[in-house]
Amino acid sequence: MGLKLYNSLTRRKEELKPLEEGRVGIYVCGPTVYGHPHLGHAKSYVSFDILVRYLRYLGYSVTYVQNITDVGHLTDDADEGEDKLVVAARKERKHPMALAEYYTHSYFEDMDRLNCHRPDISPRATGHIIEQIELVKTLMEKGYAYEVNGSVYFEVAKFADYGKLSRRNLDEMLAGVRVEVSPDKKSPADFALWKKAEPNHIMQWPSPWGPGFPGWHLECSVMSMKYLGKTIDIHGGGLENQFPHHDCEIAQSEAANDVQFVRLWMHNNMITVDNQKMGKSLNNFITLKQAFAGAHERLTRHYDPIAVRQLILNSHYRSPLDFSDAALFAAQSGYQKITETVKAVRKRMATAVEGQADKKTANQLKKMREKFEAAMNDDLNTSIALSVLFELVRLTQKLLEDGNTNVGTLNLVDVLFDRLGGDVLGIVKAEYPQAGAADEQVMDKLVNVLIQQRNQARENKDFAKADELRAKLDQIGIVLEDKQEVTTWRTK
RNA sequence: GGCGGCGUAGCCAAGAGGCCUAAGGCGACGGUUUGCAAAACCGUUAUUCGCCGGUUCGAAUCCGGCCGCCGCCUCCA
């Protein structure tokens, strides 16, 4: 059985059948770079990272495109709307492009720490103004768009399928209109393809309709078309973008090209913080940098970025995830357990007895892999996939307790950790820096000096001194563990 | 007002008609181990899935009602 994914368009799980066998093109709505990335970004991009990783694990050749929105996006639906980047730039007294650059770096930095693979292509909206103008021209030629006062609007009434993704009809939408409607529009539901820029507007480009800037939804249509073709296999994004953003993308693209735009739509659900929507005004808005540093009043400690990743994988991408310090703390503990187990296996491999893998164990491992794949094939059930990883942890610890477990067996275990925990889930690392970087080596030697002193005290039965040393190290975040032969250390 | 989702142990969270007297993680408690810890291991921790009815031989899973929470309809991952 192959991979099944839930298609928001048909509202069913469907077997993935790419247009071109063995190759998958994916477009995911990327961030608007006007602030540091937050927990919501993490949920979305970790979810799609898992999709890409699993497809590659299955042997697909994947082209993963994720845009960077560095222009557009009015702050509201009325004509008076201002570009979010421009608003933020004015606050920080920087050029909008400088700001976009700064936050683009911040975005990639945090995604790297979450161990998300970089997209194959990260196209910028400002780098595709020409293509966007071309698409607007096409839509005007085909009669789907009209110009008024230097702005161009898409005439929703001309596109019969409008709203097919979110399953809304025009009447409902009109009844729900809450903002002031531009007098230029023929219908309140029409949306802007190109906006006229006032002379003092910084971000503007020449166009057949005068100076202006592209509308909110245009970039995704244009860039996905440019890099993945007129029909793409998978388009992903946050649930909140389903309407109007994705429905507008469909309208523009299909009106222009007369072919299906996206075969399979995927939407990840949202994050709440302590059961409330995360919002800047609610004092529960947590950026990833704050979470990693523990620099937020709702957090009791700093968290490993991979613990954040693990918390996200603990639930399903289509379920809402409630974020809390307690939940993150639990994820951190679980992650530590996995990490320590993997490290222990790798260490033991150097000293374990030679031999072929034990058949019974090999069989257990094979079953785990099958269970893991079955879970992932069922619309990426990472929660079950993760539980399989914990089964592997338990089995591994038992194997490690048995001093006779041979290298062949341990090697099979390590491979499974690498493939499932590493390649697919991205929570097991190929290498842990304990003995890697120069600083780590110095640190290791330093702590070992203290460990020797303490062990000397223990031999002398001076437990008061031994405990004092341990307590002092504990205070600075170093935990000692007395194993059978040696004492090891780790950071909290 | 319209559209959609959710409510499972102390916390997070899978499960979507019989394999469920409900995965997994965290926490807690008891035990093994330890100088004491930590780590690890073993065991215990929901006869029950918001509430009330119904369908069915059988429901956490389907249907109806009620209660509570959330998202979208405006930029937002």
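Lettering of chains follows the sequences in order, A, B, ..., and the numbering in each one begins at 1.
With distances taken from any side-chain atom of Asn241(A) to the nucleotides rC76(B), rC75(B), rC11(B), the minimum falls on rC76(B). With rG25(B), rA40(B), rA13(B) as the choices, the nucleotide that has an atom nearest any side-chain atom of Gln397(A) turns out to be rA40(B). When each of rC72(B), rC26(B), rA14(B) is scored by its nearest atom to the side-chain atoms of Ala330(A), the top-ranked nucleotide is rC26(B). Side-chain atoms of Arg490(A) lie closest to rA39(B) of the nucleotides rC36(B), rA39(B), rA77(B). With rG35(B), rC12(B), rG25(B) as the candidates, the nucleotide lying closest to the side chain of Asn314(A) is rC12(B). In this structure, of rA13(B), rA38(B), rC72(B), it is rA38(B) that holds the atom nearest to the side chain of Val479(A). Across rG24(B), rA23(B), rC12(B), the shortest atom-to-atom separation from the side chain of Lys371(A) is found for rA23(B). Of the candidate nucleotides rA14(B), rA77(B), rC42(B), rA77(B) has the atom lying nearest to any side-chain atom of His41(A). Comparing rA38(B), rG25(B), rC75(B) against the side chain of Glu481(A) picks out rA38(B) as the nearest. Distances were taken from every side-chain heavy atom of Pro244(A) (C-beta onward) to each of rC75(B), rA77(B), rC26(B); the shortest belongs to rC75(B).
Pairing partner, rG43(B): rC29(B), with both Watson-Crick or wobble hydrogen-bond distances short of 3.5 Å. When both distances must be under 3.5 Å, the Watson-Crick or G-U wobble mate of rC20(B) does not exist. With both pairing distances under 3.5 Å, rA60(B) is matched to nothing as a Watson-Crick or G-U wobble pair. When both pairing distances are held under 3.5 Å, rA9(B) makes no Watson-Crick or G-U pair with any nucleotide shown. A 3.5 Å limit on both hydrogen-bonding distances identifies rG2(B) as the Watson-Crick or G-U partner of rC72(B). Under the Watson-Crick or G-U wobble criterion, with both distances below 3.5 Å, rC51(B) is paired with rG65(B).
Aromatic pair His246(A)/Phe261(A): centroids not less than 6.0 angstrom apart. Between Tyr107(A) and Tyr45(A), the distance from one ring center to the other falls under 6.0 angstrom.
Counting any heavy atom pair closer than 4.0 Å across all strands shown, Phe390(A) reaches sugar-phosphate atoms only and no base atom. Among the atoms of the strands shown, none is found under 4.0 Å from any heavy atom of Thr488(A). Among the atoms of the strands shown, only primed sugar atoms or phosphate atoms (P, OP1, OP2) are found under 4.0 Å from some heavy atom of Lys337(A). Residue Leu239(A) is classed as having no contact, given no heavy-atom separation below 4.0 Å to the nucleic acid. Using a 4.0 Å heavy-atom criterion, one finds that Arg318(A) contacts no nucleic acid atom at all. Gly40(A) comes within contact range of at least one nucleobase, with a heavy-atom separation under 4.0 Å. Looking at heavy-atom distances under 4.0 Å, Arg454(A) makes contact with a base. Base contact: His38(A) has a heavy atom under 4.0 Å from a base atom. Counting any heavy atom pair closer than 4.0 Å across all strands shown, Leu328(A) reaches no nucleic acid atom. Heavy atoms of Lys483(A) sit nowhere under 4.0 angstrom from any nucleic acid atom.
OP1 or OP2 of rA14(B) has at least one side-chain nitrogen or oxygen of Ser319(A) nearer than 4.0 Å. Phosphate proximity of rG15(B) to Asn381(A): present, with a side-chain N or O under 4.0 Å from OP1 or OP2. Distances shorter than 4.0 Å separate some side-chain N or O of Thr32(A) from OP1 or OP2 on rA77(B).
For the atom pair CZ (Arg458(A)) and CG (Asp467(A)), the distance works out to 9.0 Å, reported to the nearest 0.5 Å.
The separation of rG54(B) from rC42(B), taken at their P atoms, amounts to 45 Å, rounded to a whole angstrom. Atom name C1', nucleotides rG7(B) and rC52(B): the rounded distance is 16 Å, in whole Å. With both ends at atom C1', the span from rG53(B) to rC12(B) equals 32 Å, rounded to whole Å. Nucleotides rU56(B) and rC63(B) are separated by 15 Å at their P atoms, to the nearest Å. Taking atom P on both nucleotides, rU74(B) is separated from rG68(B) by 26 Å, rounded to a whole Å. Comparing the P positions of rG24(B) and rG65(B) gives an interatomic distance of 36 Å, to the nearest angstrom. Here, rA13(B) and rA38(B) have their P atoms 29 Å apart, quoted to the whole Å. rC75(B) and rC20(B): their C1' atoms are spaced 45 Å apart (whole Å).
Ion pair Asp414(A)/Arg346(A) flagged as a salt bridge, since at least one NZ, NE, NH1 or NH2 atom sits closer than 4.0 Å to an Asp/Glu carboxylate oxygen. With respect to Lys343(A) and Glu340(A), a salt bridge is recorded, a charged nitrogen being found less than 4.0 Å from a carboxylate O. For Asp49(A) and Arg118(A), the salt-bridge test fails: no basic side-chain N is under 4.0 Å from an acidic carboxylate O.
Taking atom CD on Gln475(A) and atom C1' on rA37(B), their separation rounds to 16 Å, with Å as the unit. Straight-line distance from the CD1 atom of Ile271(A) to the P atom of rA13(B): 11 Å, rounded to whole Å. For the pair Glu240(A) CD and rG71(B) P, the computed distance is 12 Å after rounding to whole Å. Between the OH atom of Tyr317(A) and the P atom of rG71(B) there is a distance of 21 Å, rounded to whole Å. As rounded to whole Å, 15 Å separates atom C1' of rC36(B) from atom CD of Glu468(A).
Judged by atom type and distance alone, Asp467(A) reaches the base of rG35(B) through a side-chain donor-acceptor pair under 3.5 Å. With hydrogens and angles ignored, a donor-acceptor pair under 3.5 angstrom links the side chain of Ser383(A) to the base of rA23(B). Under 3.5 Å, the side chain of Arg394(A) and the base of rC42(B) form no donor-acceptor pair of N or O atoms.
Using modelled atom types and a 3.5 Å distance limit, the side chains of Thr409(A) and Asp358(A) yield no donor-acceptor pair. When only modelled atom types and interatomic distance are considered, Glu219(A) and Asn67(A) share a side-chain donor-acceptor pair under 3.5 Å. In summary, the side chains of Glu155(A) and Ser187(A) do not present any donor paired with an acceptor at a separation below 3.5 Å, with no hydrogens or angles considered.
Sequence order on RNA chain B of the closest nucleotides to Val388(A) and Glu401(A) puts Val388(A) first from the 5' end. Of the two residues near RNA chain B, Asp322(A) and Ala466(A), the one whose nearest nucleotide lies more 5' is Asp322(A).
Screening Lys13(A), Arg12(A), Glu14(A) for a side-chain hydrogen bond (donor to acceptor under 3.5 Å, both in side chains) involving Thr10(A) leaves a single residue, Glu14(A).
Residue side chain Tyr45(A) fails the stacking definition with respect to rA77(B), as its ring centre and the base's six-membered ring centre are not both under 5.5 angstrom apart and under 30 degrees in plane angle.
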